[in-house]
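Working notes, beginning with the structure itself.
All figures in this text were calculated on a predicted structure; none of them were measured in a lab.
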Amino acid sequence: MITDALARAAAMLRGATRITILTGAGVSAASGIPTFRGADGLWRKVRSETLATAEAFENDPKLVWEWYDWRRGMIRGAVPNTAHDVLARWTRERPGVTLITQNVDGLHERAGSERLIRLHGSIWHLRCWQRCNEGRRDWLDETAPLPTLPPRCPYCNGLARPGVVWFGESLDPAVVEAATNATACDVFMTVGTSAVVYPAAGLVQHAKRRGAATIEVNTEPTEASRLVDVAILGRAEEVLPALSAG
Ligand code: BV8
Ligand code: ZN
């Protein structure tokens, strides 16, 4: 499956020291995890964007937790795919490789990725909704299914919320800074993201402005396709092993 785009991208990656990769839901599709905008992105006919908000949680915390518990159960039954494995190996073998993900599923971590920047948090961490002193720091809870919905804060017995960044909520400034610093690179590659959610979608423009060569891997054209140097139309779980062999 050697296309011209693939050959050009492989040459760029071979000649690069500092490589930054941004992933989205498409990288977990081959693991059976529905994407956000794909046909399978709906839950009970509700768009993800409407459930992944503080307002939705305020209105109906049990409903929002039923969605997150459903997703945790699905992710628990999934395994990292070849795309996750290739990226994990790159981070282990090449010190100049930085991995940034929008995914909260933990599959990059399970594949053994190093230097992973998690932009939108983790579905396996919980936080106190009341922001009590102890509970404002995330705690790990990998129980799936959760025994009670909504789960409670172990410190103040108030409501617990998922340790993710919801729409309308700001990202952790330290995480945004780390991701922005990683745009100072030789090659910036996006994999499996529709490039519509900000500030994540702005990183490729940032890298381009700083002189990086830019590559996109996606099964279909996106908002970013017209601005990258090389757009590879293909499945991440097939393209990344081919790029790795390139
Ligand atoms: C914020 C965690 C300050 C929760 C998520 C500027 C312009 C416009 C709007 C905004 C802007 N700045 C801020 C906003 C508002 C908003 C935003 O961007 N809205 C969008 C919808 C327009 N951003 C925010 O609210 C952010 N906060 O900016 O705070 C502020 C606040 C208010 C107003 C101003 C400033 C917070 C955003 C984070 C939200 N949390 N997730 C959870 O998961 O439950 S976002 C969530 O959706 C994911 O993390 C991910 O980021 C996004 C989904 O995108 P993708 O991962 O790309 O997935 P998608 O399904 O869309 O696409 C999959 C792609 O894969 C497709 O292209 C498909 O073709 C491809 N694909 C499929 N299979 C494969 C494949 N590719 C390769 N191989 C395959 N096999
Ligand atoms: Zn608490």
Side-chain angles (χ1 to χ4, degrees), residues 3-28 36-37 83-84 86-104 108-109 111 113-122 164-165 167-234 236 239-244 246:
T3 64
D4 167 50
L6 203 64
R8 288 175 55 212
M12 286 170 167
L13 292 165
R14 253 195 322 277
T17 307
R18 299 167 307 156
I19 298 170
T20 299
I21 299 144
L22 172 69
T23 66
V27 89
S28 293
F36 274 68
R37 278 179 183 71
H84 296 109
V86 167
L87 294 172
R89 195 174 67 248
W90 286 4
T91 64
R92 287 195 299 272
E93 294 172 356
R94 302 176 71 168
V97 172
T98 301
L99 189 54
I100 306 171
T101 191
Q102 299 167 78
N103 302 345
V104 298
H108 282 306
E109 295 89 331
S113 292
E114 297 175 1
R115 289 182 305 286
L116 177 67
I117 299 172
R118 273 201 304 239
L119 287 177
H120 298 158
S122 156
V164 299
V165 179
F167 288 94
E169 289 186 324
S170 299
L171 281 60
D172 174 341
V175 168
V176 173
E177 189 189 353
T180 306
N181 292 345
T183 61
C185 57
D186 307 312
V187 174
F188 188 95
M189 178 163 76
T190 75
V191 182
T193 182
S194 58
V196 295
V197 171
Y198 285 78
L203 293 170
V204 65
Q205 281 106 329
H206 209 54
K208 195 174 176 64
R209 274 197 299 276
R210 300 176 91 168
T214 52
I215 302 170
E216 176 185 67
V217 178
N218 198 301
T219 48
E220 58 189 51
T222 75
E223 300 289 314
S225 302
R226 56 181 158 58
L227 66 88
V228 295
D229 300 304
V230 179
I232 302 171
L233 275 180
V239 170
L240 292 180
L243 278 175
S244 205

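Inter-residue side-chain proximity for H120 and V164 is flagged as unmet; no heavy-atom pair is nearer than 4.5 Å. Side-chain contact between I21 and W90 is present, with heavy atoms from C-beta onward closer than 4.5 Å. Side chains of I232 and I215 form a contact here, defined as non-hydrogen atoms less than 4.5 Å apart. Between L171 and P199 the shortest side-chain heavy-atom distance falls below 4.5 Å. Between V27 and L87 there is a side-chain heavy-atom pair separated by less than 4.5 Å. The shortest side-chain heavy-atom distance between R118 and V175 does not fall under the 4.5 Å cut-off.
To the nearest 0.5 Å, atoms CG (L13) and CD1 (I19) are separated by 5.0 Å. Going from atom CD of Q205 over to atom CG of L227 covers 5.0 Å, rounded to the nearest 0.5 Å. In this structure, the separation between CG on L119 and CG on L22 is 6.5 Å, given to the nearest 0.5 Å. In this structure, the separation between CD on E216 and CZ on R226 is 10.5 Å, given to the nearest 0.5 Å. The distance from atom CG of D229 to atom CZ of F188, rounded to the nearest 0.5 Å, is 12.5 Å. Separating the NE2 atom in H84 from the CG atom in N103 is a distance of 6.5 Å, to the nearest 0.5 Å.
When each of I117, I100, L203 is checked for a side chain to side chain contact (heavy atoms under 4.5 Å, CB included) with T20, only I100 meets the rule.
Defined by atom type and a distance below 3.5 Å, a donor-acceptor pair is missing between the side-chain atoms of H108 and S28. With hydrogens and angles left out, the side-chain atoms of T101 and T23 include a donor and acceptor closer than 3.5 Å.
What you find for A88 and A111 is that their closest heavy atoms are CB-O, 3.2 Å. Nearest heavy atoms, D186 versus A16: CB-CB, 3.8 Å. Smallest separation of non-hydrogen atoms from P95 and R115: O-NE, 3.5 Å. The shortest heavy-atom contact between V204 and A224 is CG1-CB, 4.4 Å. Listed here is the closest heavy atom pair of S225 and A231: O-CB, 4.4 Å. Minimum interatomic distance between A236 and V217 (heavy atoms only, all atoms of both residues): CA-CG1, 4.2 Å.
Remark: the backbone N or O of K208 is not paired with any side-chain donor or acceptor of T214 at under 3.5 angstrom. Checking side-chain atoms of R210 against main-chain N and O of T183 turns up no donor-acceptor pair under 3.5 Å. Looking at R92, its side chain never comes within 3.5 Å of a backbone N or O of E114 through a donor-acceptor pair. Looking at N218, its side chain never comes within 3.5 Å of a backbone N or O of G192 through a donor-acceptor pair.
Checked against salt bridge (charged side-chain N to carboxylate O under 4.0 Å, His left out), D172 has no partners two or more places apart in sequence or in another chain.
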